[in-house]
Amino acid sequence: MSKVVLITGCSSGIGRHLAQTLSETGFAVAATARRPQTLDDLPAALKLALDVTDPASIQPAVDAVLEKFGRVDVLVNNAGFAVCGALEEIPDAQIQRLFDVNVFGVLRMVRAVVPHMRRQGEGRIINISSIAGKFPTPVGGAYSATKFALEALSDTLRFELAAFGIRVVVIEPGSIRTSFNQTVEDCSGQILANPASPYRALYAAYERVVQSMRRGEPGPEAVTRVIVRAIRSPRPKARYLAAVPLSGRLAMHLSAGAWDAILRLLYKNIAGET
Ligand SMILES: NC(=O)c1ccc[n+]([C@@H]2O[C@H](COP(=O)([O-])OP(=O)(O)OC[C@H]3O[C@@H](n4cnc5c(N)ncnc54)[C@H](OP(=O)(O)O)[C@@H]3O)[C@@H](O)[C@H]2O)c1
């Protein structure tokens, strides 16, 4: 019997590409999105409305998956977004929204699905974190905080759920070409473009750094490949990097002092411009 995979955030980007690829390779995919009309042209076996911040939409979606397939083998917690800005300047409501989607959304999905996986005696939870869950950057601190939290939750869940045959895996993508950056602009444009901000020089440098980082970034297929490996592996690793360049892999092993020095180099001249 094909494995049943429930994926959040399939309207675009990584979730969409993963849903399409798994569907085309024989998995029974339950593709979900908060705007279900965005799923119309996906070849998934089941397409459902699901907003990870709304428990009233999560339960019916999980029930529909169980009704159609009788089980959930893999949950991919993919839905997520970023708000950027200096921590002093991002309104609380925006940071709370970020945690509601990127952290509490994952917890809500886990709580809805785990009882069924426990009954099955097996299951796999794949959490899409980020390289930003390994080291924070200026202006990206709020997003990083959500992904650090997701990393910690995943490590705890890996231990707590192992006794029930449920494995927990973290995927840590680098920069990937999706709608992610557009959402950052939509959510953070006003903060980053404020000419009266004391952080305007930092924001200008940030835009330059992001632009150069995003040059030549791969598409979502680079992450799909890694997720499929994590789904198929009989003994998956706790975490997988996806499309992280060598510089990023090396940065993970730096001391705080060395990391700050690199950031100072990247963001050079900022002090003189404020
Ligand atoms: N792209 C990158 O550079 C990158 C790097 C590292 C990690 N990631 C992570 O990869 C994951 C997927 O992002 P992506 O790059 O594929 O970006 P994307 O194309 O913007 O996709 C994000 C998905 O999350 C969905 N979403 C947002 N809020 C939601 C909610 N409340 N309920 C349900 N779905 C919601 C979006 O739906 P709507 O269309 O309705 O907004 C969209 O389907 C995220 O967790 C992101 O943090 C991305």
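Each ligand, and each atom within it, is numbered from 1 in the order the structure gives.
- Of all atoms in ligand 1, numbered sequentially from 1 with element shown, those under 4.0 Å from a heavy atom of T53 are 31 (N).
- Among residues at least two apart or in separate chains, salt bridge (charged side-chain N to carboxylate O under 4.0 Å, His left out) pairs with a member in residues 113-130 are R71-E122.
- In this model, no donor atom of one side chain and acceptor atom of the other lie less than 3.5 Å apart for R200 and N194.
- Annotation: I131 places no N or O atom under 3.5 Å from an N or O atom of ligand 1; distance criterion only.
- No donor-acceptor contact under 3.5 angstrom links the side chains of Q211 and E207, judged on distance only.
- Within ligand 1, counting atoms from 1 as listed, the ones closer than 4.0 Å to a heavy atom of L50 are 33 (C).
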Quiz item: Would Q182 and D186 count as a side chain to side chain donor-acceptor pair (under 3.5 Å) if you check the C-alpha gap in whole Å, the side-chain angles of each, and the deciding distance to 0.1 Å?
Solution: CA-CA 6 Å; Q182 185 57 52; D186 296 345; 2.9 Å; yes
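- In the vicinity of G13, heavy-atom distances shorter than 4.0 Å reach the ligand 1 atoms 16 (O), 19 (O).
- Which parts of ligand 1 touch I128 is read off a 4.0 Å heavy-atom cut-off, strictly below it: atoms 9 (C), 10 (O), 11 (C), 45 (O).
- Within the structure, the closest approach of T8 to ligand 1 does not fall below 4.0 Å when heavy atoms are considered.
- Counting only residues at least two apart or in different chains, ring pair (Phe, Tyr, Trp, His ring centres under 6.0 Å) contacts with residues 108-163 comprise F135-W259, Y143-F180.
- Polar contact with ligand 1: absent for S130 (N/O pair, distance under 3.5 Å).
- Checking side-chain atoms of R214 against main-chain N and O of S175 turns up no donor-acceptor pair under 3.5 Å.
- The protein atom (non-hydrogen) at minimum distance from atom 8 (N) of ligand 1 is Y143 OH, 3.7 Å.
- Contact annotation for R35 and ligand 1: only side-chain heavy atoms (C-beta onward) come within less than 4.0 Å of the ligand.
- Contact between G174 and ligand 1 is present, with at least one heavy atom of the residue lying under 4.0 Å from the ligand.
- Each of H17, R16, E24 was scored for a side chain to side chain donor-acceptor pair (under 3.5 Å) with Q20, with one residue passing: E24.
- For atom 1 (N) of ligand 1, the closest non-hydrogen atom of the protein is I176 O, 3.0 Å.
- Of the possible donor and acceptor atoms, one in the side chain of S255 sits under 3.5 Å from a partner among the backbone N and O of A258.
- Taking CG of L98 as the reference point, atom CD1 of I90 lies at 7.5 Å (rounded to 0.5 Å).
- One finds a salt bridge joining E172 and R239 here, because a Lys/Arg side-chain nitrogen approaches an Asp/Glu carboxylate oxygen to under 4.0 Å.
- Residue contacts with ligand 1, taken as heavy atom pairs separated by less than 4.0 Å, involve K147 solely via side-chain atoms from C-beta onward.
- Close approach to S11 involves these atoms of ligand 1, each under 4.0 Å from a residue heavy atom: 36 (C), 37 (O), 38 (P), 39 (O), 42 (C), 43 (O).
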Practice problem: Go through V74 and V4 one step at a time and tell me if the side chain to side chain contact (heavy atoms under 4.5 Å, CB included) criterion holds. | Solution: CA-CA 6 Å; V74 183; V4 178; over 6 Å; no
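- Side-chain contact between N102 and L150 is absent, with no heavy-atom pair separated by less than 4.5 Å.
- The nearest heavy-atom contact from the protein to atom 30 (C) of ligand 1 is D51 OD1, 3.6 Å.
- Protein heavy atom in closest approach to atom 17 (O) of ligand 1: T178 OG1, 3.3 Å.
- The nearest non-hydrogen atom to atom 29 (C) of ligand 1, considering only R34, R16, R177, comes from R34.
- With hydrogens left out, the protein atom closest to atom 23 (C) of ligand 1 is G9 O, 3.7 Å, a heavy atom.
- Protein heavy atom nearest atom 16 (O) of ligand 1, with residue, atom name and distance: I14 N, 2.8 Å.
- Of all atoms in ligand 1, listed by their number and element, those nearer than 4.0 Å to a heavy atom of R97 are 31 (N).
- Although no hydrogens or angles enter the test, the distance criterion places no donor-acceptor pair under 3.5 Å between the side chain of Q59 and the main chain of A112.
- Geometrically, ligand 1 and S175 share no nitrogen or oxygen pair separated by less than 3.5 Å.
- For N78, heavy-atom contacts with ligand 1 shorter than 4.0 Å involve the backbone as well as the side chain.
- Classification of R108 and D51 as a salt-bridged pair fails, no side-chain N sitting under 4.0 Å from a carboxylate O.
- Here M109 has no heavy atoms under 4.0 Å from ligand 1, in either its backbone or its side chain.
- Those atoms of ligand 1 with a heavy atom of A79 less than 4.0 angstrom away are 24 (O), 26 (N), 33 (C), 34 (N), 35 (C), 45 (O).
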Practice problem: Could you walk me through whether Y203 and E89 pass the side chain to side chain donor-acceptor pair (under 3.5 Å) test, one step at a time? | Solution: CA-CA 12 Å; Y203 293 159; E89 296 209 315; 2.7 Å; yes
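- For N127 and S154, the side-chain atoms include at least one donor-acceptor pair closer than 3.5 Å.
- Counting heavy atoms under 4.0 Å from ligand 1, residue V101 touches it through the side chain alone.
- The side chain of R214, and not its backbone, has at least one atom closer than 4.0 Å to an atom of ligand 1 (non-hydrogen atoms only; side chain from C-beta on).
- Ligand 1 lies nowhere less than 4.0 angstrom from a heavy atom belonging to N181.
- The protein non-hydrogen atom at the shortest distance from atom 18 (P) of ligand 1 is S12 OG, 3.5 Å.
- Any N or O atom pair closer than 3.5 Å counts here, and V52 shares at least one such pair with ligand 1.
- Here the heavy atom of the protein found nearest to atom 22 (C) of ligand 1 is G80 O, 3.5 Å.
- Put simply, part of S129 is less than 4.0 Å from ligand 1, judged by heavy atoms.
- Salt bridge annotation for R35-D40: absent, with no cationic side-chain nitrogen under 4.0 angstrom from a carboxylate oxygen.
- A distance of 11.5 Å separates OG1 of T146 from CG of D100, quoted to the nearest 0.5 Å.
- Every N/O-N/O distance between G15 and ligand 1 stays at or above 3.5 Å.
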